[in-house]
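Down below is the structure, laid out as structure tokens.
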2 protein chains.
Amino acid sequence: MRFQKERSAGFLANQMARLFAKGLQKRISPLGLAPAQFMTLLALWDEDGLTQSELVRRLDVEQATMANTLTRMERDGLIERRSNPSDGRSQSVHLTEKSKALQAPAIAEARAQNATALADFSDEEREIFLVLMRRAIAAMHGN
Amino acid sequence: MRFQKERSAGFLANQMARLFAKGLQKRISPLGLAPAQFMTLLALWDEDGLTQSELVRRLDVEQATMANTLTRMERDGLIERRSNPSDGRSQSVHLTEKSKALQAPAIAEARAQNATALADFSDEEREIFLVLMRRAIAAMHGN
DNA sequence: TATCATTGCATAGCATGCTATTCAATAGCT
DNA sequence: AGCTATTGAATAGCATGCTATGCAATGATA
């Protein structure tokens, strides 16, 4: 009948995600970046000029969340929105010189955070961990 | 040089935690509960009358976060705050009849959400998954 | 006892996320 | 062409979290 938090995957997932976010924030805030901005930049560094809806698909957040994140990124000079001549509804999102320059240092910090979290994992444990997380994500998708 | 989100523990942890929260919210919102309220109630069902600072220690969130959560819970009739006669600074947090009645159904929903996420895991995989999450959490604590 | 440090909470301000709603542009049909 | 459905985005409103401050009650100490 008792519910033990320490044995609840959801409870642990929440706590772990908060620690990842907090650690990443501490590392990249000196670069002028916030975690969600970094995630968005990851997609744009991979392919510049995506539309908002494409970003939503790739990062798997709600459209409203992405709209707000993009507004803050534009405010901070990390992206530019350009209207699409062939479709008056959509805009393409483009990197600025500022955000292009942040790619290498920001990615280094993210890798460092992952390394800290998995410091005492063996290579095999890391693989297993990623696989299990992907399976849990897949099982919850849609539900 | 490329950073693959699908191979980043932090990215997957964030996505997984959001899916857990979304699923739990859908399950317990009919009970009039939100996820953070449920987490807080878990501690109080285990031991009623804790102080705010004790709740902070048990749930590992910042004090300000807990203060706001408790304010919303009081607004929703889930808790009562009672002043402590022996220490004018602290208050003890008490369950109400309403929140006492929610224990069994809310815990059932949380278990169901965990079961959904780990549906295709073997017993051994579940154990490993919990152990690995606890180790990642421990590695990030403090840092 | 007067002063300083600690402790327990509240508040302000902000980032992320979500749901719900609205609006305009485009696509598809009849 | 005209009507409807879909699509791309913005906005409102709220919950959770965090950091940074402020403040009052207590404790500790010179």
Side-chain angles (χ1 to χ4, degrees), chain A residues 10-11 13-30 32-40 50-57 59-76 78-79 81-93, chain B residues 10-11 13-30 32-40 50-57 59-76 78-79 81-93:
Chain A
F11 187 89
N14 173 276
Q15 200 178 341
M16 180 170 68
R18 286 189 290 114
L19 287 167
F20 265 115
K22 204 169 166 177
L24 182 62
Q25 168 147 39
K26 184 172 275 187
R27 288 174 189 277
I28 63 178
S29 64
L33 282 184
Q37 297 180 338
F38 171 70
M39 293 305 176
T40 306
L50 295 171
T51 64
Q52 185 184 120
S53 59
E54 283 167 331
L55 285 168
V56 163
R57 264 171 245 130
L59 298 190
D60 199 38
V61 294
E62 295 300 319
Q63 174 267 322
T65 299
M66 182 53 69
N68 287 326
T69 296
L70 290 175
T71 296
R72 285 188 294 271
M73 292 176 77
E74 196 168 34
R75 177 201 64 190
D76 297 346
L78 298 168
I79 57 155
R81 282 154 152 152
R82 294 187 202 152
S83 54
N84 183 341
S86 71
D87 188 334
R89 291 168 299 184
S90 73
Q91 298 171 289
S92 51
V93 178
Chain B
F11 187 89
N14 173 276
Q15 200 179 340
M16 181 171 67
R18 286 190 289 114
L19 287 167
F20 266 114
K22 205 169 165 177
L24 182 63
Q25 168 147 39
K26 183 173 276 185
R27 289 175 189 277
I28 64 177
S29 64
L33 282 183
Q37 297 181 339
F38 170 69
M39 294 303 176
T40 305
L50 295 170
T51 63
Q52 185 184 121
S53 60
E54 282 168 334
L55 285 167
V56 163
R57 263 171 245 130
L59 298 189
D60 199 37
V61 295
E62 295 299 320
Q63 174 267 323
T65 299
M66 182 53 69
N68 287 327
T69 297
L70 290 176
T71 296
R72 284 187 295 272
M73 292 177 77
E74 196 168 36
R75 177 201 64 190
D76 297 346
L78 298 168
I79 58 157
R81 282 154 151 152
R82 295 188 203 151
S83 55
N84 183 341
S86 70
D87 189 333
R89 293 166 300 183
S90 73
Q91 297 171 290
S92 52
V93 178

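In this text, all values refer to a predicted model and were calculated from it rather than measured experimentally. Side chains are part of it too, since the values below use all heavy atoms of this structure and drop only hydrogens, waters and symmetry mates. Throughout, a chain's letter reflects where its sequence line sits, starting with A, and its residues are numbered from 1.
Each of D/dA15, D/dT19, C/dC18 was ranked by its minimum atom distance to the side chain of A/Lys22; first place goes to D/dT19. For B/Ala67, whose side chain is taken as the heavy atoms from C-beta onward, the closest listed nucleotide among D/dT16, C/dT11, C/dT26 is C/dT11. Side-chain atoms of A/Gln37 lie closest to C/dT16 of the nucleotides C/dG8, C/dT16, D/dT19. Picking from C/dA15, D/dA15, C/dG8 the nucleotide with the shortest atom distance to the side chain of A/Arg72 gives C/dA15. Each of D/dT16, C/dT7, C/dT16 was ranked by its minimum atom distance to the side chain of B/Arg89; first place goes to C/dT7. Distances from the side chain of A/Thr51 to the nucleotides C/dC9, C/dC18, D/dA9 place D/dA9 closest. Checking C/dC18, D/dA10, D/dG17 against every side-chain atom of B/Ala36, the shortest atom distance belongs to D/dG17.
We find that CG of B/Asp76 is positioned 9 Å from P of D/dT16, with the value rounded to whole Å. Rounded to whole angstrom, the span from the CD atom of B/Gln15 across to the C1' atom of C/dC18 amounts to 15 Å. Atom CZ in A/Arg81 sits roughly 12 Å away from atom C1' in D/dG8 (whole-Å rounding). We find that CD of B/Glu62 is positioned 18 Å from P of C/dA15, with the value rounded to whole Å. Regarding A/Arg57, its CZ atom lies at a distance of 10 Å from the P atom of D/dT7, rounded to whole Å. Protein atom CE of A/Met39 is 14 Å distant from nucleotide atom C1' of C/dG17, rounded to whole Å. Atom C1' of nucleotide D/dA12 and atom CG of A/Asn68 are separated by 10 Å, given to the nearest angstrom. Between A/Phe20 atom CZ and C/dT16 atom P the separation is 18 Å, expressed in whole Å.
Closest approach of B/Ala17 and A/Ala17 over heavy atoms only: CB-CB, 3.5 Å. Minimum interatomic distance between B/Ala13 and A/Met16 (heavy atoms only, all atoms of both residues): CB-CE, 3.8 Å. Shortest non-hydrogen contact noted between A/Leu59 and A/Met66 is CD1-CE, 3.6 Å.
In this structure, A/Arg75 reaches the C/dA15 phosphate: one of its side-chain N or O atoms is under 4.0 Å from OP1 or OP2. Contact between the side-chain N/O atoms of B/Ser53 and the OP1/OP2 oxygens of C/dC9 is found at a separation under 4.0 Å. In terms of phosphate contacts, B/Thr65 brings no side-chain nitrogen or oxygen within less than 4.0 Å of OP1 or OP2 of D/dT16. A/Arg18 has a side-chain polar atom (N or O) that falls below the 4.0 Å cut-off from OP1 or OP2 of D/dC18.
Taking for each of B/Ser86 and A/Ser90 the nucleotide of DNA chain D with the nearest heavy atom, the 5'-most of the two is the partner of A/Ser90. Between A/Thr69 and A/Gly88, the residue anchored closer to the 5' end of DNA chain C is A/Thr69, taking for each the nucleotide with the nearest heavy atom. Toward the 5′ end of DNA chain C lies the nearest nucleotide of A/Asp60, the other residue of the pair A/Asn84 and A/Asp60 mapping further downstream.
Taking CE from A/Met39 and CG from A/Leu24, the interatomic distance works out to 6.0 Å, rounded to the nearest 0.5 Å.
If you check every strand for non-hydrogen atoms under 4.0 Å, B/Gln25 touches nothing. Base contact: A/Ala64 has a heavy atom under 4.0 Å from a base atom. Residue B/Asn14 is in sugar-phosphate contact alone, with no base atom involved, counting any heavy-atom pair closer than 4.0 Å across all strands shown.
Judged by distance alone with a 3.5 Å cut-off, a donor-acceptor contact links the side chain of B/Gln63 to the base of C/dA10.
Side-chain contact of A/Gln63 with A/Gln52: a donor-acceptor pair under 3.5 Å is present, judged by distance alone. Residues B/Asn14 and B/Arg18 bring a donor and an acceptor atom of their side chains to less than 3.5 Å of each other.
The overall bend of the helix from C/dT1-D/dA30 to C/dT30-D/dA1, read as the angle between its terminal helix axes built from five base pairs each, is 0° when rounded to 10 degrees.
Proximity of B/Glu62 to B/Asn68: side-chain heavy atoms (C-beta onward) are nowhere separated by under 4.5 Å. Contact annotation: the side chain of A/Arg57 approaches that of A/Ser53 to within less than 4.5 Å [non-hydrogen atoms, C-beta and beyond].
Here the options are B/Val93, B/Leu70, B/Ile79, B/Leu78, the test is side-chain contact (heavy atoms from CB on, under 4.5 Å), and the partner is B/Thr40; only B/Leu70 passes.
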